[in-house]
Engineer: 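Take this structure first; my questions come after.
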Amino acid sequence: MDTLSSIWIVSRWEVKRTLATMSRNVLPAAAALLLLLFAVTGFAAESGMHLQDGMYRIGADDPDVLAIVAPDARFDATIGDAAALRRDRAAYDVVVLRGEVYAADTAKGRSALRALEQDYERYVSRVLSGQEDLYAAYPLWIDLQYVKSELDFDATESGIMVGGLPDPHTLPLPEGPVEEVPPPVAGPDLSMEELRQGLIRDAAGDHPLSRYADVLSPDGGTRSLMVPSRLTPSLPFDSIVLVFVFIFPLYFTSQFFMMSIMNERIGRRGEALLSSPIRPWTIIAGKAAPYFAVMLLIAALITAANGAPQTILLPLFPVILFFLANALIIGMVSRSFKELSFLSIFFSTIATSYLFFPTVFAGVHVVSLVSPLTLVILALQGEGFTLAEYVYSTSLFFATAAVLFYAGVVNFNEERLFGHLPLRSTLVGFVSSGISRARPYCSLFALGGLSVPFVFMAQMMSLVLLFNLPAPLSLVLLLLAAAFIEEFAKSVGIYALFSSRPGFFTPGTMLCASFAVALGFLLAEKILLLATLSQITESIFGSILFLGLHLLWMPLLLHAAGVLLVSAALKAGGPRAYGIGLVAASTVHCLYNIAVISGWIL
Amino acid sequence: VNIRHVGIIAKKELRGLGHERTIVFAILLQLFIAMFSSFLMVGLASMYDPEMAAGYSRARYSIGYAGADSPLVDEFSKRRDLQLYRMDLSEAVAALRERKVSAVIYVPDTPPDAEAPIAITLYTLQNDLQSGIINIKLRELLLGYEAKLREIRAERLESYPISLNFPEAQRGSDFFEFVYGLLIPLLVFMPAIISAALIIDLITEEHQRDTLATLLSTPVTFPEQVWGKIAACTVLVPVQAAAWLLLLMANGIAIRHAGAILLLVSVGGLFLILLGALPALHYRERTGAQFIFSTALVVVILGTISLPANPLNLIVLLSVGAAGALHWIVFCLAVLCTLCLAVAVTGYARHIAGVLHAEG
């Protein structure tokens, strides 16, 4: 009760102060700008995007041909007689003479050809869908039915098809039980006019830029009857629009929280708050609460504005927490405004990539579920998501947010907030204040465990980035990356301990410390693995990232050896030797992984 | 405004930026991400552009066929990459579930010249990389069949579209348009936006940390201070943009007129930096200034992009080598706008200097 009321007090105070500084003269200007924004949005909707205007040059001898590309601003069209066009053909990307299309043999020429083809298809479908007898113009319709395969993930993870080359003489009969599939009823269940409307709608929403807007309209997947030309898989880059619509406003709002934390530190303004009896975590919770509420409200409004289901808020919830946690830490470690800006830009780049890249594979590959944004896409497509999928894709965000908040709370004191150390020393200080003097091994054990969610995030990121390279290269790079990330994470505690208490290091304590870190790391790794990542671990990529669930003492030895190598390097050469120790540890780790994969061990 | 003083301040700010090594670190890592993203996109384009993927894969795919006999069977026999199996529908779908076949089609017994359309049913796997490729292969085949059916029913059509004959061999992809029409203008203008945010930090920090009084006791005037900071931020724009362009080029993306693009970005960057300087001078406080600037930025960018022949469009045209004489008119207009804004900022800085002086 007491803590709740103090959170409430801090929250109210935060809101009041923000409003006081903002309302002075920011709000009138903001209101004016918002009105302007409204006007500009209207103007933009009216006039359209003029980003790709005139990219391609087309020349034709027939005005009817130019009428085809007239609605497409990408084309800069010229009409001329055949002789002149043939003479200057180098100046054009595409030339159309007497119905024959010639394209320049360049990437641009080919792209222009493709654009023309798309425009032509649209023109043809315009003419055909206007026919009285639609079934003469479109005699063939396809009803697309999706079948779910249980072998889904294992079979296609690297795009390799199963079964090898088909034999034309033997029927590929199923081995398992055969379920009765009723033959589909002949003929479409929609009227000719409904189908015609569908065709016209499709043709309208075909422009490359308007396509991005279509991502948000949730009715995309419902209509399954189509003409052959519509039989194309969706494009992967479309989900970037979701990043802008859903994620960017959230990130933007978290900036205010970041700034509020930073403001407490300027001129030791937060001293009064710190010396009050209110505990640090209550202060942080109280300060974060208004921003959290605003972010949730913004997300809900955006969802409602797009007519999307409110279940979208569920996957956005951990993202909001993650942003706030990062804002807290960045606000606490930055020395100056420019450092704040750059750190936040850097963080946003990483976070956006982490959220965006996996969504490229939405509906194609399980890797996509690494990002909560994929759940947003699934919800938008009307497919929904299961609890298991939710846990799978959000648990890392919950875990890392929790660890970051914890780090923020532990370090929310005068020494850290008002100190002016370089970034690395500050970060090392953050970590070392998590290491207790009385029970260093317990702290190292905990630290090893707490670093695991971050390791998973980084490894997931590398998995997503490398997944796409050709098979042997991607596996090798993944091996290297995974080993390095793990060794780095484990060494953080040791490095911090070494910086704050160099005298602590003796052969005996180093050994104990290494095993403490290794044990914590291994335990947390296995728990998190069992809880969340069973799907990934079953794939060959997973087996590289998360080796050996069955044998525990081997990885324990390995993890301890890695930490021991780093601490030995630190002991021998001081902080300068840290890099060497890290490389040595990663090498050992890599060799071990290779050995296990190739079956030399086990 | 004394140029030497401006230079001294600019150097000081750049040194400060270099001193806080995080910034260098941040830029480097951003470049690293960019490298990976473009790398990934090249990879993705080849994998995802299914027409390209379909062209590369030499594999043969098994297709289950159920229902009535039709001329579609002949279409399949012409294809070497698709192997057709006549099967019972239930068995075929079960085989699809086990991945014994890649797709199943069911054809009703509607005759080709019937009144009604021929509605075939296509069963494919959900969430599968392969079905994308299969869809493309089947699309080609079905389009051919559609054309034949259309010919059979041609008498029932009232008008025909004019016919264009496209060359066979050449195949383009959306990749070109994505890279040149979206990625390049976006990446190249990003440093300009970052620098504009930076000027706000540099100006408001002096106010909020109370370091301004010390600085004003030197012979450097307040407008010179501001211009020094602006100069430092502006220098960063072409450097970073050039780094982007080099990275893209290293990834095999040829960019024409890189020099002209950098010039245009520098002018655009200066414009945005001046735009950022105004709220920073006015509010003297980061949160408010950044908020107003971000909103104004959205207005400016959205407004710009919906104008024909805007600078962003110009970057696209320059990079593909399609810009004409119009380019220089737009460029001159951009320079003119920036000059006006520069005069306004100088005037406002003088005014603020007076206010600061009055405040003591």
Side-chain angles (χ1 to χ4, degrees), chain A residues 26 29 33 36-37 40 44 47 50-53 64 99-101 107 110-111 113-114 120 124 127 133 135-136 139-149 156 159 162 166 168 171-172 174 178 180-181 184 186-188 228 231 233 236 259 266 337-339 341-342 346 349 363 423 465 468, chain B residues 20 22-23 26 30 33 36 43 48 60 62 83 85 89-91 93-101 108 116-119 121-123 125-127 129 132 135 139 142-143 146 149 153 156-157 161-162 164-166 170 172 176 181 197 201 205 208 287-288 292 295 299 302-303 306 308 313:
Chain A
V26 174
L33 278 172
L36 207 58
L37 183 65
V40 167
S47 107
H50 291 279
L51 194 56
Q52 301 171 342
D53 285 17
D64 289 341
E100 287 293 325
V101 181
R110 280 188 287 275
S111 189
L113 186 66
R114 188 184 166 91
Y120 180 67
V124 169
V127 174
D133 185 351
Y135 297 148
L140 188 63
W141 290 79
I142 298 157
D143 185 10
L144 200 57
Q145 298 282 342
Y146 285 115
V147 174
K148 238 189 157 86
S149 166
T156 52
V162 271
L171 276 184
V178 175
E180 186 62 30
V181 179
L231 191 64
M259 202 49 218
I266 294 171
F337 285 172
K338 28 188 203 290
E339 196 164 80
S341 286
F342 277 96
F346 176 59
T349 318
L423 188 65
L465 284 174
N468 202 50
Chain B
E20 279 179 7
T22 51
I23 285 157
Q30 216 187 336
I33 295 282
F36 254 121
Y48 247 103
R60 295 187 74 175
S62 319
Q83 176 67 47
Y85 295 101
L89 180 62
S90 304
E91 265 181 0
V93 171
L96 177 63
R97 257 182 239 283
E98 292 177 16
R99 295 178 166 276
K100 292 272 171 59
V101 294
I118 299 172
T121 310
L122 173 63
Y123 299 85
L125 287 180
Q126 199 174 14
N127 296 352
L129 282 176
N135 274 7
R139 177 175 181 261
L142 292 170
L143 275 175
E146 185 190 41
L149 288 174
R153 302 181 178 195
R156 286 148 59 186
L157 293 175
I162 59 167
L164 287 186
N165 223 349
F166 287 93
Q170 293 165 319
F176 182 87
D201 294 342
E205 187 140 54
Q208 282 183 277
T287 319
I292 291 297
T295 324
V299 171
L302 204 61
S306 43
N313 179 217

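In what follows, chains are A, B, ... by sequence order, proteins preceding strands, each numbered from 1.
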Engineer: What are the two closest non-hydrogen atoms of Leu51(A) and Gly181(B), and how far apart are they?
Structural biologist: CD2-O, 3.1 Å
Engineer: Do side-chain atoms of Ser47(A) reach the backbone of Ser306(B) as a donor and acceptor pair under 3.5 angstrom?
Structural biologist: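 Answer holds: yes.
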Engineer: Main chain of Thr121(B), side chain of Asp143(A): is a donor-acceptor contact present, judged purely on distance under 3.5 Å?
Structural biologist: no
Engineer: Would you give the length of the straight line joining atom CZ of Arg139(B) to atom CD1 of Ile142(A), rounded to the nearest 0.5 angstrom?
Structural biologist: 10.0 Å
Engineer: For Pro139(A) and Leu149(B), work out which heavy atoms get closest and say how close.
Structural biologist: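 Here Pro139(A) and Leu149(B) meet closest at CG-CB, 3.4 Å.
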Engineer: Tell me the closest heavy-atom pair linking Glu146(B) and Pro228(A), and the distance in Å.
Structural biologist: OE2-CD, 3.5 Å
Engineer: Got a second to check how far Tyr135(A)'s OH is from Arg153(B)'s CZ, nearest 0.5 Å?
Structural biologist: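 Tyr135(A) atom OH to Arg153(B) atom CZ measures 10.0 Å (nearest 0.5 Å).
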Engineer: Using every non-hydrogen atom in the two residues, find where Met259(A) and Thr287(B) come nearest and quote the distance to one decimal.
Structural biologist: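 Smallest heavy-atom distance, with atoms named: CG-OG1, 2.8 Å.
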Engineer: Do you know the tightest heavy-atom contact between Ile292(B) and Leu33(A)?
Structural biologist: O-CD1, 3.5 Å
Engineer: Counting N and O atoms only, with roles assigned by atom type, does the side chain of Gln145(A) sit under 3.5 Å from a partner on the main chain of Leu122(B), one being a donor and the other an acceptor?
Structural biologist: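 No; zero donor-acceptor contacts below 3.5 Å.
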Engineer: I need the residue from Gly303(B), Pro308(B), Gly288(B) with the largest number of non-hydrogen atom pairs under 4.5 Å to chain A.
Structural biologist: Pro308(B)
Engineer: With heavy-atom distances below 4.5 Å as the criterion, would you say the side chains of Arg114(A) and Phe176(B) are in contact?
Structural biologist: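 Not in contact.
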Engineer: Measure the shortest side-chain to side-chain distance between Phe166(B) and Glu100(A) over non-hydrogen atoms and say whether it is less than 4.5 angstrom.
Structural biologist: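 Sidechains of Glu100(A) and Phe166(B): no contact.
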Engineer: Test salt bridge (Lys or Arg N to Asp or Glu O under 4.0 Å) on Arg156(B) and Asp133(A) and set out the steps.
Structural biologist: CA-CA 7 Å; Arg156(B) 286 148 59 186; Asp133(A) 185 351; 2.7 Å; yes
Engineer: Tell me if a side-chain donor or acceptor on Tyr120(A) pairs with a main-chain N or O of Leu164(B) at a distance below 3.5 Å.
Structural biologist: yes
Engineer: Say you draw a straight line from CG of Asn313(B) to CG of Asp53(A); how long is it, rounded to the nearest 0.5 Å?
Structural biologist: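 That separation rounds to 5.0 Å.
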